[in-house]
Trainee: 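Let me begin by handing over the structure; questions about it come next.
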Amino acid sequence: MVPIDRRGIRQTAAGDKPPSRIRRRVRALREHFVFKKELRARMISAAILIPTALFATWFGEWTFFAVVLLTGVLVLYEWLRMIGAGDITPLRWVGWIGLGVVAIAALTQPLPIAAIAVVASMVVCGAVAWSYRFDIAVRWVAAGILYAGVAVIALVALRKGVDGFGAVVFVFLIAWASDTAAFFVGRKMGGPKLWRRVSPSKTWSGAAGGLVFGTLFGVLVAAWLKVPVTPTTVVVAALVSIAAQAGDLLQSAAKRRFAVKDAGSLIPGHGGVMDRVDGLMVAGLVAVILGSVVVADHPATGLLSLMGR
């Protein structure tokens with residue numbers, strides 16, 4: 001028999017769940033609190049990181065080179081920790097030295113030479129991992145070198161030349177706008193999940209919002225760079241936005257594979273460095289591929305020329 005208190009109110013029996021409407025209310029309050037906390041951390045981080053990245057981009061190729069190389073080193077460190085190889089010191093150092101060689105090749109040599117440097121670094125790091133009888137497949141070590149190395153090549157190569165600053169800003173703002181819009185639109189509108197098995201929090205509405213706002217910011221930056229706003233400009237901006245969101249999903253898939261929530265904890269509200277630059281890495285790669293089709297030696301010039309400048 002369910003007890004009744006002095007006021008005549010029916011009490012919940014021990015072990016009974018509260019009514020569904022109460023559970024929904026508690027869940028909504030919890031999600032709202034988590035959202036506000038995460039948003040505050042994201043805003044503080046963005047207020048520091050975005051001006052720093054833009055200043056390094058504006059200051060010159062070598063400054064940008066140093067920032068990209070440092071980012072690549074941190075990404076590789078987080079990758080090795082994620083797959084369980086973070087304690088193999090020789091592997092870390094061989095990987096970091098390899099990234100340095102790749103970055104210098106990207107800055108001073110044609111892209112094919114930099115690509116060869118990445119492959120060589122993958123082989124050497126794979127051999128080091130194998131010599132330690134690393135219990136995770138060597139292919140995941142090689143994948144980390146490829147992931148960080150290709151991103152370093154793309155960003156360093158995109159900054160080269162007189163059009164480098166504008167091309168990098170174009171990619172950066174599209175990636176940032178896509179990520180921010182996807183976050184807010186997805187949280188506000190909800191709806192069907194984009195890829196539940198890989199990233200339970202991402203929705204189709206968020207992806208659509210990221211695409212719209214990312215493309216819009218790309219068109220605005222293109223206009224600022226005196227690039228005519230044509231259908232080609234819109235398509236290029238949309239492709240870069242899609243690439244940025246694909247980079248986020250790619251990294252989410254890797255984290256899910258190794259059962260980790262964040263790649264690291266260096267950046268409040270974003271987790272690790274890899275959590276913050278995953279979209280930029282793939283967006284930069286797509287931009288370089290598009291630009292290289294037009295001008296192989298200077299992807300930035302090729303990218304702007306492709307859009308009609």
Trainee: Which heavy-atom pair separates Val141 from Ala129 by the least distance, and what is that distance?
Mentor: CG2-CB, 3.8 Å

Trainee: Look at the side chain of Ser121 and the backbone N and O of Val118, then say whether any donor-acceptor pair between them is shorter than 3.5 Å.
Mentor: no

Trainee: In Å and rounded to the nearest 0.5 Å, what is the CH2 to CG distance from Trp176 to Leu54?
Mentor: 4.0 Å

Trainee: Distance from His298 atom NE2 to Leu303 atom CG, nearest 0.5 Å?
Mentor: 14.0 Å

Trainee: Under a 4.5 Å cut-off applied to non-hydrogen side-chain atoms, are Leu155 and Phe172 in contact?
Mentor: yes

Trainee: Between atom CG of Leu211 and atom CD1 of Ile174, what is the distance when rounded to the nearest 0.5 Å?
Mentor: 10.5 Å

Trainee: In the structure I gave you, are the side-chain heavy atoms of Val75 and Thr71 within less than 4.5 Å of one another anywhere?
Mentor: yes

Trainee: Determine whether Leu80 and Arg92 make a side-chain contact, defined as any pair of heavy atoms from C-beta on separated by less than 4.5 Å.
Mentor: yes

Trainee: Should Asp278 and Val282 count as side-chain neighbours, where that means a heavy-atom distance under 4.5 Å?
Mentor: no

Trainee: Does Val152 belong to the same Ile/Leu/Val/Met/Phe/Trp/Tyr cluster as Ile116, with side-chain heavy atoms less than 4.5 Å apart forming each link?
Mentor: no

Trainee: For the residue pair Met281 and Ala151, what are the closest heavy atoms and their distance?
Mentor: CE-CB, 3.4 Å

Trainee: Distance check, rounded to the nearest 0.5 Å: Thr215 atom OG1 versus Ile242 atom CD1?
Mentor: 7.0 Å

Trainee: Closest heavy-atom contact between Ser252 and Lys202?
Mentor: OG-NZ, 3.7 Å

Trainee: Keeping to residues at least two apart or across chains, list the salt bridge (charged side-chain N to carboxylate O under 4.0 Å, His left out) pairs with something in residues 289-309.
Mentor: Asp163-Arg309

Trainee: Does Phe213, at its CZ atom, have more than 12 non-hydrogen atoms belonging to other residues, nucleotides or ligands within less than 6.0 Å?
Mentor: no

Trainee: If you compare all heavy atoms of Thr230 against all heavy atoms of Met307, which two are closest, and at what distance to 0.1 Å?
Mentor: OG1-O, 3.9 Å

Trainee: Ala105 and Ala114: which non-hydrogen atoms are nearest, and at how many Å?
Mentor: CB-CA, 3.9 Å

Trainee: Check whether any side-chain heavy atom of Lys255 lies under 4.5 Å from a side-chain heavy atom of Asp275, and answer yes or no.
Mentor: yes

Trainee: Out of Val150, Ile153, Leu111, which residue meets the side-chain contact (heavy atoms from CB on, under 4.5 Å) rule with Val288?
Mentor: Leu111

Trainee: Trp96 vs Tyr77 aromatic rings, parallel, tilted or perpendicular, using cut-offs 30° and 60°?
Mentor: tilted

Trainee: Quick check: closest heavy atoms across Ala287 and Val171, and the distance to 0.1 Å?
Mentor: CB-CG2, 3.5 Å

Trainee: When clusters are formed by joining ILVMFWY residues with side-chain heavy atoms under 4.5 Å apart, either directly or through shared neighbours, do Phe64 and Ile50 land in the same one?
Mentor: yes

Trainee: Can you measure from CG (Asp179) to CZ (Arg276) and round to the nearest 0.5 angstrom?
Mentor: 4.5 Å

Trainee: Should the ring pair Phe65 and Trp62 be called parallel, tilted or perpendicular, given that the plane angle runs from 0 to 90° and is split at 30 and 60?
Mentor: perpendicular

Trainee: The test is side chain to side chain contact (heavy atoms under 4.5 Å, CB included); show your working for Leu225 and Leu304 and say whether it passes.
Mentor: CA-CA 9 Å; Leu225 295 172; Leu304 300 185; 4.0 Å; yes

Trainee: With the side chain counted from C-beta on, respond yes when Leu76 and Ile145 share a heavy-atom pair under 4.5 Å apart, and no when they do not.
Mentor: yes

Trainee: Report yes or no: does Glu61 contribute a side-chain atom to a donor-acceptor pair with the main-chain N or O of Gly161 at less than 3.5 Å?
Mentor: yes

Trainee: Answer with yes or no whether the hydrophobic clustering places Leu69 together with Val67; edges join I, L, V, M, F, W, Y residues whose side-chain heavy atoms lie under 4.5 Å apart.
Mentor: no

Trainee: Quick one: do Val73 and Trp93 end up in the same hydrophobic cluster if we chain Ile, Leu, Val, Met, Phe, Trp and Tyr together by side-chain heavy atoms under 4.5 Å apart?
Mentor: yes

Trainee: Would you please name every residue forming a side-chain contact (heavy atoms from CB on, under 4.5 Å) with Ala254, sequence neighbours left out?
Mentor: Trp79, Met82

Trainee: Please answer: with hydrophobic residues joined when any side-chain heavy atoms are less than 4.5 Å apart, are Ile289 and Val102 in the same cluster?
Mentor: yes

Trainee: How far does CZ of Phe183 sit from NZ of Lys188, to the nearest 0.5 angstrom?
Mentor: 13.0 Å

Trainee: For residues Val128 and Cys125, determine if any side-chain heavy atom of one lies less than 4.5 Å from a side-chain heavy atom of the other.
Mentor: no

Trainee: Counting only heavy atoms not in Trp204, do more than 12 sit closer than 6.0 Å to its CH2 atom?
Mentor: no

Trainee: Quick check, are the ring centers of Phe55 and Phe59 under 6.0 angstrom apart?
Mentor: yes

Trainee: Do Phe170 and Val240 touch side chain to side chain, with heavy atoms closer than 4.5 Å?
Mentor: yes

Trainee: Could you tell me whether the side chains of Ser241 and Ser178 share a donor-acceptor contact shorter than 3.5 Å?
Mentor: yes

